[in-house]
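A quick write-up on the structure given underneath.
Every chain is numbered from 1 and lettered A, B, ... according to where its sequence line falls, protein lines coming before strand lines. Just the heavy atoms: all of them, side chains too, but no hydrogens, waters or symmetry mates, feed the values below.
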There are 2 protein chains.
Amino acid sequence: MESAQLLDILGNENRRKILHLLASRPCYMSEIAERLDVGAKAILGHLELLERAGMIEASTDEQRRKYFHITDNLRLEVFVSPYSFEVEMTTVAVSAPQQQILANPAVKSLKSLYNEINDLVEKREHVMQEYQDIQGIITQTLGHCMDVIEEVADDHIEAEILYALLKGPMNKRVLSMHLGIPEYVLERYIEKMEQKEVLKRDENNYIIG
Amino acid sequence: MESAQLLDILGNENRRKILHLLASRPCYMSEIAERLDVGAKAILGHLELLERAGMIEASTDEQRRKYFHITDNLRLEVFVSPYSFEVEMTTVAVSAPQQQILANPAVKSLKSLYNEINDLVEKREHVMQEYQDIQGIITQTLGHCMDVIEEVADDHIEAEILYALLKGPMNKRVLSMHLGIPEYVLERYIEKMEQKEVLKRDENNYIIG
């Protein structure tokens with residue numbers, strides 16, 4: 001699945017409700033329709049879509065009734081700022097089971113597993129805070145870059161070229177596609193900018209400075 | 001804005017394309033329509049929706065033509081697994097400008113800012129890896145909990161109660177709303193489970209163990 005497909009799926013409130021419900025337990029279609037107060041036909045359509053996307057799977061119980069559960073371990077991240085719109089989807093690897101935990105007596109285990117989860121959630125929050133701090137500094141630094149680019153660029157095409165190259169080295173063709181500007185037009189700008197030493201060639205790519 | 005509204009917004013391909021374009025530079029409506037090859041009326045509808053949600057803002061140039069830019073600094077994260085469906089939206093704080101960087105000569109600055117961003121992006125990737133590792137262990141531990149819950153629960157309602165309490169302490173009312181089970185029904189189960197010592201009362205809340 002691609003991130004665009006996942007965003008299309010998550011863009012529907014009832015599909016989000018279905019995933020929320022299935023995350024608490026596997027459910028029959030009739031249960032889902034009842035809990036969401038939505039017609040069975042509409043629910044079926046959503047379930048089929050989720051199944052085709054590989055997010056859920058159906059199993060059959062002893063009475064041959066179908067029930068559904070979530071199969072995926074997906075993480076989607078979207079970051080929107082004045083200088084960036086990034087969408088990233090990753091499959092989260094689940095580590096191999098720890099034999100030791102499974103060997104504990106059941107009741108004691110549940111409590112200790114519960115404490116373990118709480119510790120992990122706290123740790124996850126700290127790491128997320130660190131991540132957001134870095135993201136904040138990146139956004140701030142990109143803001144500085146915009147100021148500097150406005151100073152060094154003679155026009156808005158030069159500015160766009162520099163801004164595109166901030167994302168990484170690009171060759172002429174990629175740059176042309178990225179900016180929607182024909183290569184022969186770009187060439188004249190690039191030449192001038194090389195002379196000004198605001199960009200330079202690195203093998204086939206162009207990079208900042 | 002709430003995370004559900006953001007997911008609704010991001011669930012449309014053309015809106016994603018508009019945000020992608022505005023993240024590279026502020027644009028006029030006509031530019032957006034041309035680049036996306038979509039009618040001006042449809043683009044206007046999307047822009048109005050994005051503006052109402054506070055994600056973009058319009059400014060006016062010298063010729064009184066409106067152009068749009070992204071105003072938000074948002075991070076959205078969705079995590080889907082067999083045991084969880086979590087959606088989290090955060091506003092990313094942008095740190096105060098560093099006077100030192102702005103004082104550098106412009107051309108040299110752009111290159112040093114570029115290197116700085118590359119370092120930060122690398123650091124961000126490491127932190128994200130750490131985050132995903134923790135998320136993986138949480139998912140795995142929740143999987144273990146499900147196994148243990150199946151062992152200690154006498155029926156599926158007991159299992160659902162225990163699973164709900166894994167997310168944190170809950171009082172009877174919250175538990176009832178969360179599970180869609182009336183309080184008087186829950187009471188009987190809770191009493192039995194307290195005797196079995198799989199859950200206990202902590203002031204008004206119930207917790208695991």
**Item:** Between B/E130, B/M128, B/E13, the one whose heavy-atom pairs under 4.5 Å with chain A are most numerous
**Value:** B/M128
**Complete:** Heavy-atom nearest pair, A/L7 first then B/L10, reads CB-O, 3.7 Å
**Message:** If you count every heavy atom of other residues, nucleotides or ligands that lies below 6.0 Å from B/E34 atom CD, does the total exceed 12?
**Reply:** no
**Asked** Above 12 or not: heavy atoms from other molecules or residues under 6.0 Å from CG of A/D37?
**Response** no
**Prompt:** Side chain, backbone, both or neither: which part of A/H126 has a non-hydrogen atom closer than 4.5 Å to chain B?
**Reply:** neither
**Prompt:** Nearest 0.5 Å, what's the CD1-CG distance between A/I137 and B/D119?
**Reply:** 12.0 Å
**Asked** Using non-hydrogen atoms only, which part of B/Y131 is less than 4.5 Å away from chain A: side chain, backbone, both, or neither?
**Response** both
**Spacing of CE belonging to A/M146 relative to CG belonging to B/L113, to within rounding of 0.5 Å** = 12.5 Å
**Message:** I'd like to know which of A/G11, A/A23, A/S24 tops the heavy-atom pair count under 4.5 Å against chain B.
**Reply:** A/A23
**Item:** Structural part of A/V121 lying under 4.5 Å from a heavy atom of chain B
**Value:** both
**Prompt:** If you count the non-hydrogen atoms of other residues, nucleotides and ligands that lie under 6.0 Å from NZ in B/K192, is the total more than 12?
**Reply:** yes
**Complete:** When rounded to the nearest 0.5 Å, the distance separating CG of B/L76 from CG of A/L76 is 6.5 Å
**Short N-O contact, A/R124 and B/E77, less than 4.0 angstrom** = no
**chain A contact via B/R25 - which portion, at a heavy-atom distance below 4.5 Å** = side chain
**Request:** May I ask you to name which of A/K123, A/H69, A/E160 has the most heavy-atom pairs under 4.5 Å with chain B?
**Result:** A/E160
**Asked** Between B/L179 and chain A, which part of the residue has a heavy atom less than 4.5 Å away: side chain, backbone, both or neither?
**Response** backbone
**Message:** Is A/M89 in contact with chain B via its backbone, its side chain, both, or neither, using a 4.5 Å heavy-atom distance?
**Reply:** neither
**Request:** Go through B/T71, B/V80, B/N12, B/L21 and name the one with the most non-hydrogen pairs under 4.5 angstrom from chain A.
**Result:** B/V80
**Prompt:** Does atom CE of B/M177 have more than 12 heavy-atom neighbours, drawn from other residues, nucleotides or ligands, at distances under 6.0 Å?
**Reply:** no
**Asked** Where is the tightest heavy-atom contact between A/C145 and B/I117, given as atom of each residue plus distance?
**Response** SG-CD1, 3.7 Å
**Request:** Using the side chain to side chain contact (heavy atoms under 4.5 Å, CB included) rule, take B/E197 and A/K111 through it: C-alpha gap first, then chi angles, then the decisive distance, then the call.
**Result:** CA-CA 10 Å; B/E197 290 181 343; A/K111 200 185 166 184; over 6 Å; no
**Request:** Measure A/H20 against the heavy atoms of chain B and call it side chain, backbone, both or neither at under 4.5 Å.
**Result:** both
**Prompt:** So do B/E116 and A/H144 actually touch side chain to side chain, heavy atoms under 4.5 Å?
**Reply:** no
**Closest contact, heavy atoms only, B/F79 versus A/L74** = CD1-O, 3.2 Å
**Request:** Measure the CD1-CG distance between B/I207 and A/N115 for me, rounded to the nearest 0.5 Å.
**Result:** 8.5 Å
**Complete:** Cut-off 4.5 Å, heavy atoms of chain A, and the answer for B/L22 is backbone
**Item:** Heavy-atom pair of closest approach, residues B/P82 and A/N73
**Value:** CD-OD1, 3.8 Å
**Message:** Restricting to non-hydrogen atoms, name the atom on A/P169 and the atom on B/Y114 that form the minimum distance, rounded to 0.1 Å.
**Reply:** CD-OH, 3.8 Å
**Fill in**
Correct closest heavy-atom pair for B/T90 and A/Q132 would be OG1-NE2, 3.2 Å
**Prompt:** If you measure from CZ on B/F85 to CD1 on A/I18, what distance do you get to the nearest 0.5 Å?
**Reply:** 10.5 Å
**Request:** May I ask you to check whether over 12 heavy atoms, not counting those of B/K66, lie within 6.0 Å of atom NZ?
**Result:** no
**Proximal component of B/K17, with respect to chain A [non-hydrogen, under 4.5 Å]** = neither
**Asked** Should B/R16 and A/D8 count as an ion pair when the cut-off is N to O under 4.0 Å?
**Response** yes
**Request:** Give, for atom CG of A/L110 and atom CG of B/L199, the distance between the pair rounded to the nearest 0.5 Å.
**Result:** 9.5 Å
**Contacting region of B/L165 [heavy-atom separation from chain A under 4.5 Å]** = backbone
